[in-house]
Novice: 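Got a structure here, written out as structure tokens. Questions coming.
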Amino acid sequence: MTAHYGLRLLPWTTPDGNPCYLNTDDTDSHLSRLADRLEGEQLDLASDLVDLVSDVLNGKDADPNELHALARSLVGALRDVLRVAESRGDRLADPAVTPRGQHLGGPRLPAASFG
């Protein structure tokens with residue numbers, strides 16, 4: 001996905017599967033808090049799924065249908081985790097912007113300036 005400067009990638013899509021974005025400077029807005037909560041739930045579910053899959057794979061009698069269902073669940077969880085990572089990474093992209101969207105003044109030097 002392409003980063004949209006100033007927009008937050010939300011942890012859900014449109015009914016057609018297109019990404020949803022939020023345009024706000026208020027990280028404490030209702031939608032921002034809802035997105036934060038949903039991202040947390042998605043990460044928790046992915047962690048629980050990893051534990052479940054590990055238990056199944058450590059067992060001797062892994063049913064092929066169960067493995068197939070788990071693989072599909074893992075793909076969905078991985079998509080969610082990647083979306084969360086992209087959204088959070090996009091918000092870290094400009095170190096001159098505070099969490100409230102305020103721009104910090106002063107010069108910006110490239111990393112090469114610091115050796």
Novice: For R33, does the CZ atom sit with more than 12 other heavy atoms under 6.0 Å from it, leaving out its own atoms?
Specialist: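 Yes, the 6.0 Å shell around CZ holds more than 12 heavy atoms from other groups.
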Novice: Without swapping roles, check the side chain of S54 against the backbone of V50 for a donor-acceptor pair under 3.5 Å.
Specialist: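 It does hold such a pair.
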Novice: What is the minimum heavy-atom distance between C20 and T13, and which atoms define it?
Specialist: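 Looking at all heavy atoms of both residues, the shortest contact is SG-C, 3.7 Å.
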Novice: Should L57 and L52 be regarded as members of a common hydrophobic cluster, given that ILVMFWY residues are connected when their side-chain heavy atoms come within less than 4.5 Å of each other, either directly or indirectly?
Specialist: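 Yes; L52 is reachable from L57 via cluster members.
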Novice: Would you say that T24 contacts L31 through its side chain, given a criterion of any heavy-atom pair below 4.5 Å between the two side chains?
Specialist: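 No, their side chains stay 4.5 Å or more apart.
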Novice: Do S87 and R91 get their side chains close enough for a donor-acceptor pair, meaning under 3.5 Å?
Specialist: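 Short answer, yes.
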Novice: Side-chain polar contacts of residues 34-47 - donor-acceptor pairs under 3.5 angstrom, sequence neighbours left out - could you list them?
Specialist:
from, atom 1, to, atom 2, distance (Å)
D36, OD1, R8, NH1, 3.1
D36, OD1, R8, NH2, 2.7
E39, OE1, R8, NH2, 3.4
E39, OE1, R88, NE, 3.0
E39, OE1, R88, NH2, 3.2
E39, OE2, R8, NH2, 3.4
Q42, NE2, P11, O, 3.2

Novice: Calculate, to the nearest 0.5 Å, the distance between atoms OH and CG belonging to Y21 and L9 respectively.
Specialist: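 Atom-to-atom, Y21:OH and L9:CG are 5.0 Å apart.
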Novice: How many angstroms lie between atom OG of S32 and atom CG of L22, to the nearest 0.5 angstrom?
Specialist: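 CG of L22 is found 5.0 Å from OG of S32.
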Novice: Kindly say whether N65 contributes a backbone atom to a donor-acceptor pair with the side chain of D63 at under 3.5 angstrom?
Specialist: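 Yes; judged by distance alone, with no hydrogens or angles, the pair exists.
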Novice: Spell out, yes or no, whether L67 and V53 are grouped together once hydrophobic residues are joined by side-chain heavy atoms under 4.5 Å, including indirect joins.
Specialist: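 Yes, one cluster joins them.
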Novice: Quick check: do L70 and L49 have side-chain heavy atoms less than 4.5 Å from each other?
Specialist: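 Of all side-chain heavy-atom pairs linking L49 with L70, at least one is under 4.5 Å.
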